[in-house]
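Notes for the one structure printed next.
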Number of protein chains: 2
Amino acid sequence: MNDYISENILNLFHEFVNRFIPTEENLFDIIISNFEYKKVARKEILLEAGKTADKIFFLPEGFARFYHTKKEGTEVTSDFYFAPGFITSFTSLIEQKPSIVNIQAMVKMDVLFIKYKNLMSLYEKEHKVERLGRLLAEQVFITSEKHLLSFLNDTPQERYSWLMNEYPEYVKNIPLHFLASYLGITPESLSRIRNRYTK
Amino acid sequence: MNDYISENILNLFHEFVNRFIPTEENLFDIIISNFEYKKVARKEILLEAGKTADKIFFLPEGFARFYHTKKEGTEVTSDFYFAPGFITSFTSLIEQKPSIVNIQAMVKMDVLFIKYKNLMSLYEKEHKVERLGRLLAEQVFITSEKHLLSFLNDTPQERYSWLMNEYPEYVKNIPLHFLASYLGITPESLSRIRNRYTK
DNA sequence: TAAAATCCTTGACTTAAGTTAAGAAATTAT
DNA sequence: ATAATTTCTTAACTTAAGTCAAGGATTTTA
């Protein structure tokens, strides 16, 4: 399956993993041999709400959106993730319960992925991979906590400027109504806030 | 230092750790030998904002509050934690940067703690402890995400009923103005919501 | 057990966000 | 290139939370 992974993607993957754990060639080969490759279209769903996450994706490039639908039918964007990095619904994967969120590719991209079972046996066999898992879990926690604190500390206006400072790529690349729900407000409110802002 | 740890506390600790990793006596002895013991008064600060977290506490019993102060001076409670479990500012500990939050004991209690350095070398030496670290990081993420989603999905009223369902102990044991800021609203609003609710 | 501190409620008023609706602008797909 | 879709803005009105202020209830502490 590796035959189809381009040199470029391989490098991005290796580099990313190396940020967290120094990998001798040997270990890296073991890791990569557990990953598969997939081409993904813009707007394609990587994980569908209701299904239990059974893989972790590595995005070498591009970005993805996490969203779910409320009872009333409104769609809520809970997160964005810009490459490079690993994504899945960690809650669904860890608890092995149906996912609340959908994960959607925002652009056409190539992804690698590892199946849950294989990840678990890698964790079992390779202490270093377990460490990678710990470090990644710590990172997603920190990101989630930042998002949470923006609700506890700031008004919607302030959250919008926080977002512009903390994640300028979001504001540049992402439709306003997705950002609005990420900030917990309506698109109309965000539009007004942005207006107040520029005057 | 272990001489002073009561049998009861030791059992609670062992039981908790066992939930995550099966520990043969041997490994448990290694783990416990890295922990120290401390008596804590009600309202005592376990970690002070501005200082970098250098330990993880284990609470065998009791509960703690996480809070910080905004520029304007208002105090925000971002989290509560009920024993048994491990607490610290994970963000501060992981990044080794000054903590934003204070951690305060809500009742008189006994705690165990391990120093950051010792934890790191345990991670290094013991694959199983690294796993424990991964599993705990995953848990704190899941908790944080739930809290976050309550802001994205629900109105303050709904967050209050969510809180009553999800964490009834909070509502029973915690002053209303702490709960209010945990929900991202003023005490006055929470008081009114609660009133609407019972009529 | 009395004084002090903390905690909770209520009222009057202000403000900002939600709702509904319509249309303009921009992007995407054929 | 044009139609279709998606995205964004604006306006009028409603609603719920914030603010300020005061007083009562409860808990803590000396």
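Throughout, a chain's letter reflects where its sequence line sits, starting with A, and its residues are numbered from 1.
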Within the structure, does a side-chain N or O atom of [X] lie under 4.0 Å from either OP1 or OP2 of [N]?
X         : N       : answer
Asn195(B) : dT10(C) : yes
His177(A) : dT6(D)  : no
Thr186(A) : dA17(C) : no
Ser189(B) : dA17(D) : no
Arg194(A) : dT9(D)  : yes

Output the rounded distance in Å from [atom1] ([X]) to [atom2] ([N]).
X         : N       : atom1 : atom2 : result
Glu158(B) : dG18(C) : CD    : P     : 13 Å
Ile193(B) : dT15(D) : CD1   : P     : 17 Å
Leu152(A) : dG18(D) : CG    : C1'   : 16 Å
Asn173(A) : dT7(D)  : CG    : C1'   : 15 Å
Leu176(A) : dT10(D) : CG    : C1'   : 13 Å
Glu75(B)  : dC7(C)  : CD    : P     : 10 Å
Glu188(A) : dT14(D) : CD    : C1'   : 14 Å

Distance-only polar pair, side chains of Glu48(A) and Ser99(A), donor-acceptor under 3.5 Å: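 Note: Glu48(A) and Ser99(A) side chains miss the donor-acceptor criterion.
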Give a yes or no on whether a donor-acceptor pair under 3.5 Å exists between the nucleobase atoms of dT15(C), that is its base, and the side chain of Arg192(A).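 Counting by modelled atom types and ignoring angles, no donor-acceptor contact under 3.5 Å is found here.
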Quick test of your reading of the model: are Lys39(B) and Glu44(B) salt-bridged, counting only N-O distances below 4.0 Å?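 Result for this pair is no, no salt bridge flagged.
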Side-chain touch Ile193(A)/Ile185(A), heavy atoms, less than 4.5 angstrom: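 Yes, their side chains come closer than 4.5 Å.
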Less than 4.5 Å apart, side chain to side chain, heavy atoms only: is that true for His147(B) and Tyr182(B)?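 Yes, at least one pair of side-chain atoms sits under 4.5 Å.
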Please figure out whether Pro187(A) or Ile185(B) has its closest DNA chain D nucleotide nearer the 5' end.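 Its nearest nucleotide being more 5', the pick is Pro187(A).
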Whichever of Leu190(B) and Lys43(B) has its nearest DNA chain C nucleotide further upstream toward 5':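 Closest to the 5' end, via its nearest nucleotide, is Lys43(B).
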